[in-house]
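Read the structure below first, then the notes.
What's counted below: heavy atoms across the whole structure, side chains too, no hydrogens, waters or symmetry copies. Labels below follow one simple rule: chain letters A, B, ... track the order of the sequence lines, proteins then strands, and each chain is numbered from 1.
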Amino acid sequence: MEKNVRVRFAPSPTGPLHMGGVRTALYNYLFAKKMGGTFILRIEDTDQTRFVAKAEEYIIEALKWCGIPAAEGVGFGEGAYGPYRQSERKHMYKQFADILIEKEHAYYAFDTPEELEQMRENLKKAGVAAPQYNAITRHSMKNSLTLSAQEVQHKLESGEPYVIRLKVPRNEEIKFNDIIRGWVVVQSSNIDDKVLYKSDGMPTYHLANVVDDYLMKITHVIRGEEWLPSAPLHVLLYRFLEWEEVMPRFAHLPLILRPDGNGKLSKRDGDRLGFPVFPLNWTDPETGENSTGYKERGYYPQAFLNMLALLGWNPGTNQEIFSLEELVSAFSLERVSKSGAKFDPEKTKWFNQQYLRRQTPPQLAQAWMPELIEKGINADSVFIEKVCSLLQEKAHFINEFWSLGFYFFTAPAEYDKEVIKKRWNEKAVLFLETFHNHFLTLSESSSAEIEATFKTICEQLQIKPGEVMQLLRVAITGLGGGPALFEIISLLGKQEVSNRLKMALDKIPSYA
RNA sequence: GGCCCGUUCGUCUAGGGGUUAGGACGUCAGAUUUUCAUUCUGAAAACAGGGGUUCGAUUCCCCUACGGGCUGCCA
């Protein structure tokens with residue numbers, strides 16, 4: 001077993017973290033915990049042009065809400081390998097680019113963006129589908145391989161903008177053993193001379209992530225499949241920097257796909273299809289555009305995480321509901337699947353329902369209380385808890401409680417029209433009146449008692465219970481469905497039910 | 001286009017040379033609660049296609065098809 005496992009989640013702060021990112025963070029977290037290792041948050045902000053204010057803060061808040069905090073890194077008390085923001089590590093990268101140049105594994109390039117564009121266009125015209133800056137084309141570009149040493153020196157000294165590119169060998173087989181995918185083999189001729197160091201003095205992702213992973217003693221790189229094509233490049237970097245023996249193991253996670261059609265789940269899909277893609281609400285600082293989060297939609301973070309964990313990983317058993325601790329002990333990268341997984345919003349709701357079911361009535365009452373207070377409801381806590389335990393089995397979210405059970409606190413203002421249309425007739429009115437009278441004479445009003453009364457009356461009047469049961473419900477709650485009716489009546493109490501029956505008898509005839 | 005990765009019910013997936021191919025969500029049907037939006041039971045529902053290898057392939061290999069990712073001085 002490896003010792004001192006160190007993994008990192010390394011998002012770039014270009015916007016809110018979406019659920020794919022959360023899952024990557026989760027798998028990193030689970031793996032770290034499982035191995036007794038360290039989970040690190042590193043902010044990859046090497047692209048200053050794409051910086052989004054508040055994004056970093058959002059990422060940190062999201063991890064906290066989910067309950068998968070980093071042990072080390074930005075927003076989590078730093079650690080021994082800081083700083084953990086690449087912009088603050090700016091000074092560390094150049095020396096490694098220089099080493100590569102010294103070893104002739106990299107070179108300076110002075111081509112302007114226009115010249116690069118020109119090169120690509122020319123090659124396309126000549127029939128090259130994917131023009132590359134590579135072992136062939138670099139000979140006709142402006143770089144330290146084609147220019148004389150003096151020219152290069154002069155350009156450098158005169159402050160001409162330059163980048164440093166990796167000199168990818170012409171024809172070499174590069175391979176690595178991915179934990180999830182097995183051996184991945186790529187010919188170096190298919191890799192281009194990637195920019196490692198940008199003209200603005202910042203490294204690109206490729207250089208920065210390799211340098212930082214090395215410096216931070218990262219043992220396993222667990223990231224999305226979109227990185228698979230550049231992994232060989234990173235392997236090359238480790239080799240050229242002579243860090244191969246401490247090169248991390250790679251695990252490339254399958255993508256999360258959109259529920260409709262195909263393709264990677266994107267930030268836009270959520271609002272288009274009506275489910276959140278972000279853990280928390282987000283307001284775009286530029287456009288003011290709002291996106292809803294799982295938190296604000298009423299999801300439990302545990303349910304959200306549980307769903308995410310099973311999207312691309314499974315324990316090999318039939319267990320589906322896992323606490324975080326259970327996930328940690330069951331998790332392994334080997335059981336992560338290779339193929340992309342379509343996200344299923346319905347099953348996500350189901351997970352939340354499962355967690356809701358597992359709450360105790362006091363927990364539910366506490367969670368519901370703010371809304372009740374806001375609505376000016378002032379009820380006994382024991383009563384509220386009883387309401388919660390009835391509502392619990394009908395709801396997926398606590399935020400459905402009010403629309404499902406407002407009638408516990410206030411008489412209905414409307415009645416289900418469908419039911420009235422179908423069931424309201426003279427016989428039904430007679431039933432309601434009779435039931436009302438009997439109900440008032442009841443000495444105790446337990447649900448069993450009420451049910452017995454109900455049945456007796458049905459027999460007396462020769463009415464099938466099915467004909468009036470739902471109507472009775474509508475008269476009292478206004479709704480056509482809900483928790484056990486006699487429980488509701490019992491809980492509401494004699495006086496209230498009596499009032500409501502009177503009101504229903506009075507209002508319903510002129511209804512619909 | 002090129003390179004890379006993938007392909008078991010509609011969806012998430014288990015399995016793995018000989019199985020009635022298992023589970024979950026969803027769907028549908030029955031039951032029960034003499035209502036329902038709960039619960040229970042049940043049903044329909046899958047190995048992309050073609051070649052090998054093999055006594056036998058859904059499982060191993062190859063090809064095809066399809067899907068996805070990447071192809072920036074983005075990450």
Quiz item: Going by the salt bridge (Lys or Arg N to Asp or Glu O under 4.0 Å) test, which pairs reach into residues 344-360 of chain A, not counting sequence neighbours?
Solution: A:Glu320-A:Lys347, A:Glu346-A:Lys349
Exercise. Please identify each residue that fulfils ring pair (Phe, Tyr, Trp, His ring centres under 6.0 Å) with A:Tyr58, with sequence neighbours left out.
Key: A:Trp282
Exercise. Using ring pair (Phe, Tyr, Trp, His ring centres under 6.0 Å) as the criterion, list what pairs up with A:Phe9, not counting sequence neighbours.
Key: none
Exercise. Would you mind listing every salt bridge (Lys or Arg N to Asp or Glu O under 4.0 Å) that reaches into residues 116-130 of chain A, with sequence neighbours excluded?
Key: none
Every protein N/O lying under 3.5 Å from an N/O of nucleotides 38-46 of chain B:
| residue | atom | partner | partner atom | Å |
| --- | --- | --- | --- | --- |
| B:U38 | O4' | A:Lys394 | NZ | 3.4 |
| B:U38 | O3' | A:Arg357 | NH2 | 3.2 |
| B:U38 | O2' | A:Glu393 | O | 3.4 |
| B:U39 | OP1 | A:Arg357 | NH1 | 2.9 |

Exercise. Please list all pairs passing the side chain to side chain donor-acceptor pair (under 3.5 Å) test where one or both residues lie in residues 190-200 of chain A, with sequence neighbours left out.
Key: A:Tyr107-A:Asp193, A:Arg138-A:Asp193, A:Asp192-A:Lys194
Mind listing the N/O atom pairs, protein and nucleotides 67-71 of chain B, below 3.5 Å?
| residue | atom | partner | partner atom | Å |
| --- | --- | --- | --- | --- |
| B:G69 | OP1 | A:Lys264 | N | 3.4 |
| B:C70 | OP1 | A:Lys264 | NZ | 3.4 |

Practice problem: Would you please name every residue forming a ring pair (Phe, Tyr, Trp, His ring centres under 6.0 Å) with A:Phe110, sequence neighbours left out? | Solution: none
Quiz item: With sequence neighbours excluded, what pairs up with A:Ser403 under the side-chain contact (heavy atoms from CB on, under 4.5 Å) test?
Solution: none
Quiz prompt | Results of side-chain hydrogen bond (donor to acceptor under 3.5 Å, both in side chains) for A:Glu114 - residues two or more places apart only | solution = A:Thr112
Quiz prompt | Summary of salt bridge (Lys or Arg N to Asp or Glu O under 4.0 Å) pairs that have at least one residue in residues 161-178 of chain A, sequence neighbours excluded | solution = A:Glu172-A:Arg239
Self-check item: Proximity to RNA chain B (any heavy atom under 4.0 Å), residues of residues 88-98 of chain A only
Solution: none
